[in-house]
Structures are given as C-alpha cells and as structure tokens.
Amino acid sequence: MKAHIYKFFIAILIMIAADSLYAAPPDTVWLSKLDVSLATTGWGQKGVNTSCMGNPIRLNGKEYRSGFGTHAPSLLYIKLSGDAMRFHAIVGVDDEEKKTAGSVIFSVFGDGELLCQTSTLVSNGVSEEINVNLVGIDTLLLAVDGTSDGISFDHADWADAYFLVRGTKPVAISRPLEPAYILTPKAPETPRINGPKVYGTRPGHDFIYRIPATGERPIKFSVKGLPKGLSLDKSTGIITGKVENAGRYETTITARNSKGENSKKFTIIAGNQIALTPPLGWNSWNCFACAIDQEKVKAATDAMINSGLADYGWSYINIDDCWMIQSDSDDPTLGGTPRDENGNMKTNKKFPDIKDLTDYVHSKGLKIGIYSGPGPRTCAGYTACYQHEEADARQFADWGFDYLKYDWCDYERIAKDHSLPELKKPYIVMNEALEKTGRDIVYSLCQYGMGDVWRWGAEVGGNCWRTTGDITDNWASVESIGFGQAGLEYFSGPGHWNDPDMLVVGKVGWGPALHPTNLSPNEQYTHISLWALLASPLLIGCDMTQLDDFTLNLLTNNEVLDINQDPLGMQAGRIFKEEGIEIWARNLEDGSKAVGLFNRGMRQATVVLQRSILNIVGDYTIRDVWKQEDIGPLGESYSAMVPSHGVKLLRIYK
Ligand code: GAL
C-alpha cells in the first residue's frame with residue numbers, strides 16, 4: 001500500500017514537471033540577430049537595428065532599439081524548420097521619409113502561403129502590428145512591396161521584430177533558386193512567319209509593319225492581296241504607305257530563303273480600330289527609369305533587330321518618363337525651359353533630335369512610343385500636358401510617335417475627386433486631341449486601375465489601361481498583380497486590353513544600376529505564360545543590349561506569343577483554384593484552348609486538369625507550349641508535376 005502511495009506521488013511529480021517544462025517560456029530570437037545581409041532589397045543599406053539609411057528606426061514618432069530597416073522591394077527568407085511559434089513586428093515607413101511619398105505593403109509568407117499582409121502604409125501614416133502563428137512552418141518569407149507609385153522613398157522597417165521559438169533557432173537563408181533552364185527549341189532555318197494574324201489601321205493614316213519572320217537570312221518576301229496604298233520592301237519585309245479605302249483585306253504573306261518557304265494568311269482591317277492584338281515591344285522604365293536618353297533608345301532599337309526579337313513580332317520601342325525637361329527647369333545645360341515661346345515642348349540635351357530618333361526606329365520597320373500625363377508634371381516631375389493637350393498631341397504626331405502612355409500621377413492635384421467624371425475627363429481630352437492628329441497612336445491609359453478603369457477605358461478611347469500599380473521584379477509583386485486579374489477578362493478584347501504592367505525579366509533596375517531580375521526561372525516562366533494568357537500588352541522592361549539566352553528563350557517562343565496575339569482576343573480567366581494551385585484558360589480562334597497550370601505554393605505539386613472543367617467533348621491533343629511538343633491525347637484528366645511558383649502551359653487542340 002505504501003509503495004502504491006509512493007508511486008502515485010512520483011507520478012504526480014512527473015506530471016507537474018512535464019507541465020512546467022511544456023509551459024517553459026519560448027526563446028525570443030530577434031530578427032536583427034539573423035544575417036539580414038541575405039535579404040534582397042531595392043535600395044540603401046540592410047539596416048541591422050537601423051533604417052535603410054543607417055538612422056535609428058523610428059515609426060510614428062517612436063524610436064525602436066531593435067529591427068531590420070530595408071527598402072522595397074525587399075525579400076528575406078528564413079528557415080524555421082517548424083520550430084518557431086510566432087513572429088511579431090511593428091511595421092511601417094520610417095519617419096526619416098516623413099515629408100515624402102513612401103508607400104509600402106508588408107507581407108509574411110509561410111511555405112509559400114500568405115500568412116498576413118498589411119494595408120498600404122505610407123510616410124507620415126500609421127504603423128501596423130504583425131503577430132502571426134508560425135507553428136509547423138518550414139520556410140518564412142518577409143516581403144515588402146512598393147505600391148502603385150513605384151519604390152521611391154519606400155524606407156520600410158520591421159521594428160521590434162522577433163520570433164518566439166522552441167527548439168531550432170531561425171536562420172536567414174539566401175533565396176532558394178532553381179538553375180535557369182531553357183525549354184524552347186531553336187527556330188528552324190527554313191522561313192517561319194510569326195506575329196499576329198490580324199492587324200488594324202485607319203484608312204489614310206501612316207502604316208508601318210515589318211513582317212516578323214525567323215529563318216536564315218536573306219529572306220525574300222511577297223504579299224498577295226495588299227490593299228491599295230501599301231507597298232512592300234521585298235528584302236526587308238517592311239510594308240509601308242497608307243491604306244486608301246476602309247475594308248477588310250485578306251492577304252497572304254510568303255517568305256522564301258535558300259532552305260524553303262512559308263506562307264501565312266494576314267488580315268489587314270482598315271477601319272476605326274487599331275491594336276487588334278496586344279502591343280508587343282519594349283519600354284524604358286523598368287530598366288533605366290530617369291537614366292534614359294536618345295542613345296539608349298537607339299541601342300534598344302538595334303537590339304530589337306539584332307537579337308531577333310523583331311522576327312517574333314516585338315515592334316514598339318517605347319520611351320517612358322523623364323525624356324523631357326524638368327517642369328521648373330531653366331537650366332541651359334539641359335536645354336533651358338521645357339517649352340518654347342509658343343508653348344511647344346522642346347527637345348533637350350538628353351533627346352537632342354527626336355524626329356531623327358523616330359525616323360531611325362521607323363527605318364527598321366519598328367514603331368515608337370512616348371510618355372506623358374494629364375497633370376502639369378509627370379510622376380518623376382517632368383513637364384507634362386496639362387493645358388497643352390492639343391499642341392502636345394500634335395507635336396507627338398509630328399515627331400512620328402505611334403504610342404502614347406498617359407500617366408495620371410500629378411493630375412491628382414488637378415482632379416476635384418475620384419468620381420467617374422473626374423477620372424475620365426483628362427483621358428477624354430487627350431483622346432480628342434489624338435484623334436485630331438490623323439495618326440494611328442496606341443493610347444495607353446495609366447492610372448493604376450482607379451474607378452475600375454476596365455469598365456470605361458475603351459469608352460474614353462483607350463487601347464489599353466493599367467489595371468494595377470507598378471510592378472517590381474519580385475514574386476510578391478508579379479504574383480499579386482498577375483493572379484489578381486481574375487474577373488477582368490470580361491472587359492478586354494481586340495482594340496482594348498487590360499494591362500497588368502510591363503515585364504520584369506532580364507536585367508532591370510529603374511535607374512543607372514541594373515541587376516538581373518529577382519524572379520526565379522520558374523517565376524519568369526509563370527510571368528510570361530500568365531501575361532500571354534491574359535492577352536496583356538507585352539512590354540519588355542529590361543536592358544535590350546544585355547539579353548541573355550534564358551531571357552531570349554522566354555521572349556521568342558512563337559507558340560506562347562501566338563496565344564497572346566490570338567485574334568479572338570479573349571483574355572484567360574481562372575477556372576480552378578485550390579490551395580495555391582490555379583488553372584487559367586482561354587479560348588483560341590481555331591477552337592483550341594490555352595491552359596496554364598500554375599503552382600503558387602512553395603513546394604512542387606501535382607496539378608490535375610479535369611477535362612470536365614474545360615467543357616470540351618471529343619478527341620483533343622495536349623501540347624506542351626514551352627517545349628513545343630505534343631504530350632498525347634486528352635483523356636478524362638491530365639496530371640503534371642509543376643514546380644513551386646512554376647507553370648505548365650498547354651494548348652489543347654483538335
Ligand atoms: C508610374 C507608372 C510607371 C512609370 C512611372 C514613371 O506612375 O505607373 O509605369 O511610367 O510612373 O514615372
């Protein structure tokens with residue numbers, strides 16, 4: 001009996017000890033004790049207990065002794081090994097940027113899933129507290145993204161940031177990246193005519209089209225059924241002139257070289273609509289931002305031809321912000337005041353001869369774009385069109401521009417509010433001015449999606465309109481913008497496209513210093529596949545003179561581009577979504593379907609495509625679009641292993 005009592009008390013003691021062990025306070029591990037130098041950031045220092053400028057961390061007037069000061073876009077990966085319990089931080093834009101316009105979003109991802117996200121936090125605004133459960137999570141990602149206004153002044157602090165841990169301590173790790181891999185075979189030596197099947201112009205307006213064709217040069221071109229007013233240069237394949245009469249012209253293009261020949265039907269529609277397929281080209285912003293000049297634009301033009309990209313249909317060379325003179329400048333070294341005595345925009349030291357530049361681009365059979373906005377100034381503070389709309393539109397047309405990106409930005413000071421009439425007004429004014437020029441100018445609205453621009457962008461004359469804020473070269477940005485397009489497919493079609501912003505593959509940088517995109521190879525395949533499915537304008541955002549083989553491979557798959565350029569112009573919609581897996585699909589003109597199997601999770605996953613969600617009956621073949629090879633017949637379902645953040649892009653055809 002005594003022995004029993006003794007055992008009983010021992011058992012009680014063990015239970016109490018176990019309980020107190022269980023309840024032992026977890027260890028606190030400060031984020032700033034981790035190797036935060038492994039983070040990727042947009043600018044400045046990776047501040048250990050300081051801001052990205054090396055100052056003490058201050059949010060909302062309060063100073064914090066501990067934290068990680070960074071700058072958007074910022075990514076920090078941390079291995080937790082499943083032993084962390086919570087992560088805590090106070091986050092916001094550092095007070096050192098109180099007088100400026102920083103604005104950021106903080107996100108915390110656990111094994112690829114979003115655990116929490118702040119609202120948009122701004123300079124001089126409030127900070128937010130993050131307190132997330134980490135139980136069972138292996139890899140954590142702390143991300144800070146800039147918002148619609150780009151990344152300027154986005155000094156972001158993870159203040160008072162710590163983990164509560166039992167067991168293995170968290171360790172900062174480099175971004176886990178798979179090696180780059182090329183999927184697409186090289187184009188054959190025999191001629192292959194690429195590019196759209198349909199092309200819009202207005203009768204009597206200047207027409208310029210360089211037939212995009214791969215294959216060994218020299219190639220001899222011929223076109224049957226060319227409308228009156230157009231002529232072809234047989235050796236360059238450049239068609240120029242003005243279509244005399246409205247109508248639909250079914251032409252046949254033939255390309256011949258020493259290895260063989262290829263013909264393709266090409267419909268020219270001379271009516272009142274241009275951009276019948278999404279524009280394909282290059283834009284200066286994501287690489288050079290304000291470090292742009294005339295020579296760089298010429299170099300991009302040459303690279304477009306020499307890299308072979310133009311042979312796939314890439315045709316616009318677009319200058320973004322900062323080409324003009326600062327609105328308050330009278331600096332003679334730059335070119336003096338921005339406008340002459342008649343109020344016309346002047347050329348300047350960076351762009352000394354704009355007409356010469358546009359002529360140069362046109363001589364290659366390419367088209368050229370310009371940037372401005374409805375406010376007195378552009379986003380970067382350069383002279384814009386306010387109260388000079390008609391003169392500026394005329395000037396753009398006289399210079400020979402074929403594309404205008406018109407950026408709201410500083411019009412914020414003019415608009416009374418964000419009511420629909422106020423949002424539409426400046427775009428209507430410029431559209432009327434453009435119409436008077438008698439030139440085919442693609443009109444690209446940029447106002448980040450305000451007032452659901454997709455509902456009225458076409459009505460105010462837009463050929464495309466940005467649906468979101470600015471993209472940056474990180475997964476959080478590309479993922480949220482790209483997959484955030486779900487539901488917008490109803491508002492896009494030939495001549496009027498949703499624009500989820502420019503491409504961030506290759507060497508980008510928003511200034512003089514460039515870096516390889518922070519997207520992993522799989523993320524880049526996802527980016528291009530999704531944008532192709534979305535029928536988005538595709539504007540390459542990298543330095544065209546530094547294209548590597550992987551980036552070129554991404555941009556020169558004619559079957560991927562055919563999806564983007566399909567004449568039906570039906571933007572893909574999301575047809576399936578479950579735990580990080582998404583399937584997007586669109587109908588194509590020939591009765592086939594383009595389907596993207598996406599994996600947004602952090603681990604590779606098997607994605608199952610059920611025939612039933614495609615609404616098709618009969619015999620269909622599945623084609624791997626990136627590899628350009630058939631996989632086999634479609635049964636009741638098709639499964640593919642899709643890497644983390646990767647894609648399998650399919651064409652399912654009869
Ligand atoms: C932003 C726009 C960017 C770029 C920039 C130039 O408003 O969204 O794409 O054009 O202005 O300052």
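What's counted below: heavy atoms across the whole structure, side chains too, no hydrogens, waters or symmetry copies. Numbering starts at 1 and runs along the sequence shown. Remember, it's 1-based here, ligands and their atoms both numbered in the order they're listed.
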> So, is Asp320 polar-close to ligand 1, with some N/O to N/O distance under 3.5 Å?
yes
> Quick check on contacts: which atoms of ligand 1 are under 4.0 angstrom from a heavy atom of Cys379?
1 (C), 7 (O), 11 (O), 12 (O)
> Ligand 1 versus Cys446, non-hydrogen atoms closer than 4.0 Å: side chain, backbone, both, neither?
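Cys446 to ligand 1: side-chain contact only, backbone stays beyond 4.0 Å.
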> For Lys405, take its heavy atoms, then give the atoms of ligand 1 lying under 4.0 Å from any of them.
3 (C), 4 (C), 9 (O), 10 (O)
> Parallel, tilted or perpendicular: which fits the ring planes of His515 and Trp510, with parallel below 30° and perpendicular above 60°?
tilted
> If you measure from the Lys or Arg side-chain nitrogens to the Asp or Glu carboxylate oxygens, is any gap between Asp392 and Arg339 under 4.0 Å?
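Between Arg339 and Asp392 there is a salt bridge, with a charged N closer than 4.0 Å to a carboxylate O.
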> Can you name the side-chain contact (heavy atoms from CB on, under 4.5 Å) partners of Ala180, sequence neighbours left out?
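side-chain contact (heavy atoms from CB on, under 4.5 Å) list for Ala180, sorted by chain: Pro521, Phe550.
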> Please work out which of the three classes, parallel, tilted or perpendicular, describes the rings of Trp456 and Tyr427, given edges at 30° and 60°.
tilted
> Give the ring-plane orientation class for Tyr443 versus Tyr406, where under 30° counts as parallel, over 60° as perpendicular and anything between as tilted.
tilted
> Do ligand 1 and Asp407 have nitrogen or oxygen atoms that lie under 3.5 Å from each other?
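In this structure, Asp407 places an N or O atom under 3.5 Å from an N or O of ligand 1.
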> Do the side-chain N and O atoms of Tyr360 and Asp302 include a donor-acceptor pair separated by under 3.5 angstrom?
yes
> Under 4.0 Å from a heavy atom of Tyr448: give me the atoms of ligand 1 that qualify, with their elements.
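By the 4.0 Å cutoff, the relevant atoms are 7 (O), 8 (O).
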> Which is it for Trp408 and ligand 1 at heavy atoms under 4.0 Å: side chain, backbone, both or neither?
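Neither part.
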> Which atoms of ligand 1 have any heavy atom of Arg466 under 4.0 Å away?
2 (C), 8 (O), 9 (O)
> Show the atoms of ligand 1 that are less than 4.0 angstrom away from any heavy atom in Asp321.
6 (C), 12 (O)
> Can you tell me if the gamma sulfurs of Cys379 and Cys409 sit closer than 2.5 Å?
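Judged by the SG atoms alone, which are under 2.5 Å apart, Cys379 and Cys409 are bridged.
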